[in-house]
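Report on the structure given below.
All residue numbers refer to positions in the sequence shown, counting from 1. We count ligands from 1, going down the list as the structure has it; atoms in each ligand are counted the same way.
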Amino acid sequence: MSIAENLQAIKSKLPAHVKLVAVSKFKPAADIMEAYNAGHKIFGENRVQEMVDKQQALPADIEWHMIGHLQTNKVKYMAGFVHLVHGVDSFKLLQEIDRQAQKVGRVQNCLLQMHIAQEETKFGFSREEVLGMLASDDFAALQNIAVCGLMGMASLTEDSGQVRNEFKSLRLFFDELKTGYFVNNTAFAEMSMGMSGDYKIAIDEGSTIIRVGSSIFGGR
Ligand SMILES: *Cc1c(COP(=O)(O)O)cnc(C)c1O
């Protein structure tokens, strides 16, 4: 199937409240244009340099999402245009995002990446780290970031029960923050969870943003 057909097949089954980020990492601009010409305008990349190059070459109305692990020294290159930063996993990174957003006069939308998988290698905050950060004066001082929700990646496993439980744990923590710390904050509304292999389970468990690459663009 073509990129346009793959997109159509996925979108036709998505609930209205779920946004699709088409993950175009490692794929050429021509592939992105094929999706764009089919009406899709939200793309995700996991490397800053690649996203910046594509942003400069492609239509200005594309909404770019940074979904990958971020180094603080790269934040400045995307601060002027990135729509949502999914992978915020340290206070130091959040501070740098705030600093760079201030320089360009923006409020940067961010998601806090939570460590929900069993695997050691997946990045992300623990619950305790987030609760500690949110309670700190240093966090309260940040003026140019908006925490829009949480992001998580489930374990890479055939065990769909485990994947479901990991997404459930993200959902429970989201609800806890939503009814606690963020109770009067309408911006805190998103849960970015689900990729090609597990987005249906993620949607069942309350995902509002899915990040799908290979099911749209083919293998990498
Ligand atoms: C690559 C990537 C995806 C998309 O993965 P697919 O399995 O190709 O859908 C989603 N999220 C993150 C963080 C990624 O790095």
Side-chain angles (χ1 to χ4, degrees), residues 1-14 18-29 31-32 34-35 38 40-54 62-71 74-75 78 82-90 93 97 109-125 148-160 162-164 166-167 169-171 174 190-220:
M1 293 216 295
S2 70
I3 290 169
E5 286 166 335
N6 290 338
L7 267 173
Q8 177 53 30
I10 294 168
K11 283 182 160 180
S12 65
K13 296 200 190 92
L14 280 192
V18 179
K19 193 175 207 180
L20 171 64
V21 175
V23 176
S24 48
K25 63 188 184 196
F26 308 126
K27 295 294 177 182
D31 285 8
I32 297 177
E34 192 176 333
H40 195 77
K41 303 206 169 159
I42 306 171
F43 296 92
E45 292 284 335
N46 72 337
R47 294 188 184 176
V48 173
Q49 190 57 54
E50 186 175 344
M51 183 173 73
V52 168
D53 291 346
K54 286 173 172 171
I62 289 179
E63 189 180 288
W64 292 100
H65 289 233
M66 174 42 61
I67 62 168
H69 181 66
L70 259 179
Q71 289 166 298
K74 300 282 170 62
V75 171
M78 62 177 194
V82 64
H83 179 77
L84 181 62
V85 182
H86 292 232
V88 178
D89 62 356
S90 73
L93 179 58
I97 293 171
N109 294 325
C110 297
L111 303 177
L112 304 179
Q113 181 171 359
M114 302 302 300
H115 186 283
I116 57 170
Q118 307 253 306
E119 288 140 40
E120 294 282 329
T121 53
K122 300 252 159 92
F123 297 103
F125 283 108
C148 298
L150 304 178
M151 182 270 212
M153 290 172 81
S155 297
L156 203 61
T157 169
E158 297 290 303
D159 182 351
S160 60
Q162 183 182 338
V163 169
R164 187 175 293 278
E166 291 172 359
F167 288 145
S169 73
L170 190 72
R171 171 58 190 258
F174 176 88
E190 307 293 347
M191 259 183 297
S192 169
M193 55 186 198
M195 321 191 348
S196 291
D198 57 19
Y199 75 85
K200 287 172 188 153
I201 301 174
I203 291 170
D204 276 354
E205 298 304 331
S207 174
T208 66
I209 304 176
I210 59 172
R211 310 175 310 271
V212 178
S214 43
S215 291
I216 298 170
F217 295 107
R220 290 179 292 269

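- Remark: F43 CZ to L20 CG distance equals 9.0 Å, nearest 0.5 Å.
- For the pair G213 and ligand 1, the shortest N or O to N or O distance falls below 3.5 Å.
- Atoms of ligand 1 lying under 4.0 Å from at least one heavy atom of R211, given by number and element, are 4 (C), 9 (O), 10 (C), 11 (N), 12 (C), 13 (C).
- Ring geometry for H69 versus F123: interplanar angle under 30°, hence parallel rather than tilted (30 to 60°).
- Checked against a 3.5 angstrom limit, the closest N/O atoms of R220 and ligand 1 fall inside it.
- Within the structure, the closest approach of H86 to ligand 1 does not fall below 4.0 Å when heavy atoms are considered.
- Of the charged side-chain nitrogens involved, none lies within less than 4.0 Å of a carboxylate oxygen, so that K27 and E34 do not count as a salt-bridged pair.
- To the nearest 0.5 Å, the span separating CD on Q118 from CD on Q162 amounts to 4.5 Å.
- Atoms of ligand 1 found under 4.0 Å from any heavy atom of I67, numbered from 1 in the order shown, are 2 (C), 11 (N), 12 (C), 13 (C), 14 (C), 15 (O).
- Note that the CD atom of E205 and the CE atom of M191 stand 9.5 Å from one another [nearest 0.5 Å].
- Within 6.0 Å of NZ on K11 lie more than 12 heavy atoms contributed by other residues, nucleotides or ligands.
- Within the listing of ligand 1, atoms 13 (C) sit less than 4.0 angstrom from a heavy atom of M153.
- Shown in contact with S196 at under 4.0 Å from a heavy atom are these atoms of ligand 1, numbered in order with element: 6 (P), 7 (O), 8 (O), 9 (O).
- For the pair S215 and ligand 1, the shortest N or O to N or O distance does not fall below 3.5 Å.
- Comparing heavy-atom distances from atom 2 (C) of ligand 1 across M195, E45, K25 singles out K25 as nearest.
- Heavy-atom proximity to V212, at under 4.0 Å, picks out these atoms of ligand 1: 9 (O).
- In this structure, R164 places its CZ atom where more than 12 heavy-atom neighbours from other residues, nucleotides or ligands lie under 6.0 Å away.
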